A.B. asks: 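One structure follows; several queries about it will come next.
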Amino acid sequence: MIVGALISVVTAPVGVSGAVFLLPVQLSVFGVPSPAVTPTNLLFNVVAGPGALWRYRRDGALRGPLTRRLVLGTVPGVVIGAVIRVFALPSPTVFRLLIAALLVPLGLWLCARTLRWSPLRRNARQAPAPARTEPSGRIVSTLALAVGIIGGVYGIGGGSLLGPILVGRGMPVGRVAPAALASTFVTSLVGAAAFALLGFVGPGDVAPDWGLGLACGLGGLVGGYLGARLQPRLPETALRLVLGTLAVALGTLYAVQTLR
């Protein structure tokens, strides 16, 4: 519960459920077998998600087309990803390499873009930083589908990928974070159900660790609410750097574990 709460307090303000950072705890500390780590992460998202979402809903942050597009795109993707995870990627080594290859470049890219424009924003008497064109609705939907597949493969619901990509493309963190968390929650429900069904036909142990998932999720329920409450009080630049740094940290962790 403590682990879930601490992770969610840090990640909820930037639209990440925290399940992606629960992965190394499951594999290295609690010894959850692969691929059972994936449905356990999805269970964590299902239990922890309502805390942050309830706070964002009270603030009116869940309204708008972005939330709908992300949900409609990631739901079918997570089912496809669950099938791939069970039948094509059971190896922990491949699992970790995939995470590292995705998150390290993404996090570095977001941090670089944020630091690049920060000096321009501080110079208030000159022209503002160049406007960044937000992606179209079609691009967002296509991206959500692709991220849903990837999220289904390693059990994070896709928020930790959607957040850095959309924020890096010019969307404010305050708009992206609630939509990404809503998408993560819905796709986690669908993904958990998919893994439950695949557990009857797939090889190995693909059922979630119910005790661990529920305990961490209850901690995340409280931590997510607190993190969502803190978000409006945090500057945009700091939120972007936190999001990029979290992505780089996790990717690097898995790269090091794989090379050992």
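Owing to the predicted nature of the structure, the values given are computational and were not obtained by experimental measurement. In what follows, every heavy atom counts, from backbone to side chain, and hydrogens, waters and symmetry copies are set aside.
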A.B. asks: Run the side chain to side chain contact (heavy atoms under 4.5 Å, CB included) test on L166 and L70 for me, step by step, so that the C-alpha distance in whole Å, both residues' side-chain angles and the decisive distance to 0.1 Å come before the verdict.
C.D. replies: CA-CA 11 Å; L166 294 178; L70 294 186; 4.2 Å; yes
A.B. asks: Please confirm whether the backbone N or O of C111 pairs with a side-chain atom of R240, one donor and one acceptor, at under 3.5 Å?
C.D. replies: no
A.B. asks: Hey, does L143 have a side-chain heavy atom less than 4.5 Å from the side chain of P135?
C.D. replies: no
A.B. asks: Stepwise, does the side chain to side chain contact (heavy atoms under 4.5 Å, CB included) test hold for L241 with L115?
C.D. replies: CA-CA 8 Å; L241 290 175; L115 294 173; 4.0 Å; yes
A.B. asks: Where do S8 and F44 come nearest, in terms of heavy atoms and distance?
C.D. replies: OG-CZ, 3.7 Å
A.B. asks: With side chain to side chain contact (heavy atoms under 4.5 Å, CB included) as the test, would you mind laying out the steps for M171 and V140 before giving the verdict?
C.D. replies: CA-CA 11 Å; M171 291 185 175; V140 170; 4.3 Å; yes
A.B. asks: At their closest point, which heavy atom of G244 faces which heavy atom of L110, and how far apart are they?
C.D. replies: N-CD2, 3.6 Å
A.B. asks: What's the separation between atom CG in L230 and atom CZ in R55, rounded to the nearest 0.5 Å?
C.D. replies: 9.5 Å
A.B. asks: Heavy atoms only: give me the nearest L53-L62 pair and the separation to one decimal.
C.D. replies: O-CD1, 3.7 Å
A.B. asks: Are M1 and W210 linked, directly or through intermediate hydrophobic residues, by side-chain heavy-atom contacts shorter than 4.5 Å (ILVMFWY only)?
C.D. replies: yes
A.B. asks: For the residue pair A177 and Q231, what are the closest heavy atoms and their distance?
C.D. replies: CB-NE2, 3.4 Å
A.B. asks: Could you tell me the separation between the OH atom of Y56 and the CZ atom of R63, rounded to the nearest 0.5 Å?
C.D. replies: 15.5 Å
A.B. asks: When rounded to the nearest 0.5 angstrom, what distance separates OG in S141 from CZ in R68?
C.D. replies: 11.0 Å
A.B. asks: Applying side chain to side chain contact (heavy atoms under 4.5 Å, CB included), can you list everything that pairs with V25, at least two apart in sequence or on another chain?
C.D. replies: V3, L22, V29, F30
A.B. asks: Looking at every non-hydrogen atom in both residues, tell me the closest pair between A247 and G107 and how far apart they are.
C.D. replies: CB-CA, 3.8 Å
A.B. asks: For T74 versus S183, what's the shortest heavy-atom pair and its separation?
C.D. replies: OG1-OG, 2.8 Å
A.B. asks: In terms of hydrophobic clustering (I, L, V, M, F, W, Y; side-chain heavy atoms under 4.5 Å; direct or indirect links), are V222 and V10 co-clustered?
C.D. replies: no
A.B. asks: Say you draw a straight line from CD1 of I7 to SG of C216; how long is it, rounded to the nearest 0.5 Å?
C.D. replies: 7.0 Å
A.B. asks: Could you measure the distance from the CD1 atom of I165 to the CD1 atom of I139? Nearest 0.5 Å is fine.
C.D. replies: 12.0 Å
A.B. asks: Do L181 and Y225 sit in the same hydrophobic cluster, where Ile, Leu, Val, Met, Phe, Trp and Tyr count as joined when their side-chain heavy atoms come under 4.5 Å apart?
C.D. replies: no
A.B. asks: L214 vs V47, test: side chain to side chain contact (heavy atoms under 4.5 Å, CB included). Steps then yes/no.
C.D. replies: CA-CA 7 Å; L214 291 173; V47 178; 3.7 Å; yes
A.B. asks: Spell out, yes or no, whether I149 and L106 are grouped together once hydrophobic residues are joined by side-chain heavy atoms under 4.5 Å, including indirect joins.
C.D. replies: yes
A.B. asks: Find out whether P13 and L239 are in side-chain contact, i.e. whether some heavy atom of one side chain is under 4.5 Å from a heavy atom of the other.
C.D. replies: yes
A.B. asks: Measure the CG-OG1 distance between N45 and T40 for me, rounded to the nearest 0.5 Å.
C.D. replies: 11.0 Å
A.B. asks: Can you name the residues that form a side chain to side chain donor-acceptor pair (under 3.5 Å) with R69, not counting sequence neighbours?
C.D. replies: none
A.B. asks: Are L226 and V173 linked, directly or through intermediate hydrophobic residues, by side-chain heavy-atom contacts shorter than 4.5 Å (ILVMFWY only)?
C.D. replies: no
